[in-house]
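Worksheet: one structure, shown below.
Below, chain A is the first sequence line, B the second, and so on; all start at residue 1. Only a predicted model underlies this, so the values are computations on that prediction, with no experimental measurement involved.
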Amino acid sequence: MSDSSSEKAQKPTHQEVELIIPMLQDMELTATQTACSIAQHMKFDEDRIDEVKMALIEAIINAFEHSQSPDKKVRIRFVLGEENLTVIIQDHGQGFALESIEKPEIGKKLHHEYKRGWGLMLIENLMDTVYIESNANGTTLVMSKNRK
Amino acid sequence: MSDSSSEKAQKPTHQEVELIIPMLQDMELTATQTACSIAQHMKFDEDRIDEVKMALIEAIINAFEHSQSPDKKVRIRFVLGEENLTVIIQDHGQGFALESIEKPEIGKKLHHEYKRGWGLMLIENLMDTVYIESNANGTTLVMSKNRK
Amino acid sequence: MSESFNLTLEEHTDYAIIRTEGYVNNLGGEKIGEAADQLIEQGVRKLILNFEKSNVVNSIGISILIEVIEKIVDVDGQIAFCYLTKTIEKTFNIMGLTQYAEIYATEAEAVEKLA
Amino acid sequence: MSESFNLTLEEHTDYAIIRTEGYVNNLGGEKIGEAADQLIEQGVRKLILNFEKSNVVNSIGISILIEVIEKIVDVDGQIAFCYLTKTIEKTFNIMGLTQYAEIYATEAEAVEKLA
Ligand SMILES: Nc1ncnc2c1ncn2[C@@H]1O[C@H](COP(=O)(O)OP(=O)(O)O)[C@@H](O)[C@H]1O
Ligand SMILES: Nc1ncnc2c1ncn2[C@@H]1O[C@H](COP(=O)(O)OP(=O)(O)O)[C@@H](O)[C@H]1O
């Protein structure tokens, strides 16, 4: 009992669920099912759960499609916060230069050969905070959604 | 191309999904959601999926309830075979002596104080093969279900 | 942070129906146990458990159902389950609950056979 | 090992309906693209995409929908979506698809407004 005050002073340890999926067609849907169950557990409403699922799909298919990761795996961590759910998507691929990514615009995409390039922009818009770290050892995308 | 025959001779590398969950009330349901999505992906029929889910719940709540694992986590691996799904449930708890476990019987449970003790027996009956390894470093339960 | 579990009761002169909703784990099982205790106390001897909205159970929850079965057996009563998923029905068979409890497809059928 | 994706076509004299079922990813998107190409080739200028049974999309699939929108714009046609989930509608808004495509709650409403 003597150290109860120091215990209280500690940061609460957040519960975490970790999922590692192989780079296989549609495996992102397994991750969204896991996410859905966690977010329901946290009492997120259906719309917010759906937005997390969509952002998660985008982050995972980016790792599948672009990372060229030799281990062909994507690691996803769900951190169950008091007021938010943080999802960390990580690959050990080649990385990319974030500053070289152009913001897509529908007016430019129409009548232009290259119609892709929406994933990161969607993630930014569907989540409350997004942070990306990418280098030659891989890419880590950290995204959070508030419960409300 | 020169080593294609030796490549063919290799065992196929099975795809694997890994999930680590904290020991939290109802977290077993997150694992069953993940299992469900994987088994659907493998085109298991709904009844067989349901049986895997039930067995998985039992294996996980055993780890939650009995393992006393200091890391308070359970690791679940799903191995996607050609003809079966293998689920490996692992904790780093105190383990138990498998040979000391009695087979439960309903006749003995009625009018007897202790009504529990059904989990392992259910797992054996719901899955096609079950293997348990338990020692002072923890418990690993390996269970497989054939696609048909 | 736990799954919500709810139940509703329908009491008749000579039987009662407990309709559950959600995961029948330790918590869900305990709620069923408490409701059954009260009904038996009130003199109910025939009990129908409608699991239409409970698709998931665990063996801890079922252990509490065995207690309920025991109590019903002790008062020479009858207990029946209805709307079980295939897997829950299989589980009850594996465990031998079906030696002491009836399983019917629908609530109407259970009422007809028991009442 | 992939999600099944299906679509059905309903062709009328001056419009057509594509009803999809399943995940609109690269594969689903391509199937929609092929169906739309053929309809436009046949002279269809008004296209309704009913997503009632497609609750999940990804941006690769949507990129193919942008191709379809482009082709419809090029022939001075009209394109409308109906039964979008809230999140898919929000996504289409974020991306600006709604500058070129209409969104209606129901298929009946889409038919009424377009035809
Ligand atoms: N995990 C990743 N690994 C390597 N490159 C990535 C990763 N995620 C995104 N990128 C790069 O960022 C670009 C933009 O991604 P995004 O906005 O999702 O659109 P798209 O995937 O359609 O190209 C990609 O084309 C790719 O070059
Ligand atoms: N992961 C585990 N760690 C430690 N002990 C375990 C584990 N799994 C099972 N056991 C032991 O085996 C016993 C039988 O388990 P089970 O058949 O599932 O029934 P119950 O959990 O109701 O006791 C438990 O009571 C426990 O002593």
Side-chain angles (χ1 to χ4, degrees), chain B residues 21-33 35-36 39 44-66 89 101-128 130 145, chain C residues 1-6 21-33 36-37 51 54-79 81 83-103:
Chain B
I21 55 172
M23 294 183 172
L24 266 187
Q25 176 86 30
D26 291 340
M27 254 304 143
E28 67 274 22
L29 299 182
T30 291
T32 61
Q33 283 286 92
C36 184
F44 270 63
D45 70 38
E46 288 307 314
D47 290 338
R48 295 184 85 76
I49 293 176
D50 230 36
E51 290 170 12
V52 172
K53 286 165 77 174
M54 174 94 201
L56 182 56
I57 285 178
E58 293 302 321
I60 293 173
I61 62 175
N62 271 348
F64 282 10
E65 207 184 4
H66 306 299
I89 299 95
I101 306 296
E102 244 177 82
K103 196 172 144 41
E105 276 172 52
I106 187 74
K108 290 190 191 158
K109 295 289 183 192
L110 239 50
H111 302 108
H112 194 285
E113 184 69 33
Y114 185 69
K115 299 212 163 19
R116 299 279 309 277
W118 297 96
L120 295 175
M121 181 262 218
L122 283 176
I123 295 169
E124 298 265 4
N125 278 279
L126 293 168
M127 300 297 285
D128 289 314
V130 179
K145 186 87 170 172
Chain C
M1 294 281 251
S2 64
E3 275 280 287
S4 53
F5 179 91
N6 289 303
E21 189 177 340
Y23 188 15
V24 182
N25 56 4
N26 50 334
L27 303 173
E30 273 161 26
K31 286 193 189 166
I32 296 171
D37 281 354
F51 270 31
S54 287
N55 301 314
V56 190
V57 303
N58 71 23
S59 69
I60 310 181
I62 304 176
S63 297
I64 303 172
L65 297 180
I66 297 177
E67 274 179 46
V68 174
I69 291 175
E70 181 179 284
K71 286 172 185 162
I72 283 284
V73 165
D74 283 350
V75 295
D76 281 325
Q78 278 177 282
I79 185 164
F81 291 87
Y83 293 116
L84 299 183
T85 70
K86 263 196 182 174
T87 301
I88 298 179
E89 179 166 349
K90 183 170 179 171
T91 299
F92 284 11
N93 269 307
I94 293 170
M95 294 173 66
L97 265 64
T98 42
Q99 295 172 35
Y100 305 92
E102 300 297 324
I103 295 178

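One distance of note links CG of Leu122(B) with CD1 of Ile62(C); it measures 6.0 Å at 0.5 Å rounding. Here the OG1 atom belonging to Thr87(C) is positioned 8.5 Å from the CE atom belonging to Met54(B), to the nearest 0.5 angstrom. With rounding to the nearest 0.5 Å, the separation of CD1 in Ile94(C) from CD1 in Ile106(B) is 13.0 Å. In this structure, Ile60(C) CD1 and Phe64(B) CZ are separated by 10.5 Å, a value rounded to the nearest 0.5 Å. A distance of 12.5 Å separates CD of Glu105(B) from CE of Met95(C), quoted to the nearest 0.5 Å. Interatomic distance, OG of Ser63(C) versus NZ of Lys109(B), reported as 7.5 Å (0.5 Å rounding).
Looking at Glu46(B), there are no atoms closer than 4.5 Å to chain C (heavy atoms on both sides), in backbone or side chain. Contact annotation for Asn58(C): both backbone and side-chain heavy atoms come within less than 4.5 Å of a heavy atom of chain B. Leu110(B) touches chain C through backbone and side chain together, each having a heavy atom under 4.5 Å away. Residue Glu51(B) touches chain C through both its backbone and its side chain, counting heavy-atom pairs closer than 4.5 Å. For Val57(C), the parts lying near chain B are the backbone and the side chain together; criterion is any non-hydrogen pair under 4.5 Å.
In this structure, Asp47(B) and Lys90(C) have side chains that are not in contact, with every pair of non-hydrogen atoms separated by 4.5 Å or more.
Remark: the Asn55(C) side chain and the Asp50(B) side chain contain no N/O donor-acceptor pair separated by less than 3.5 Å.
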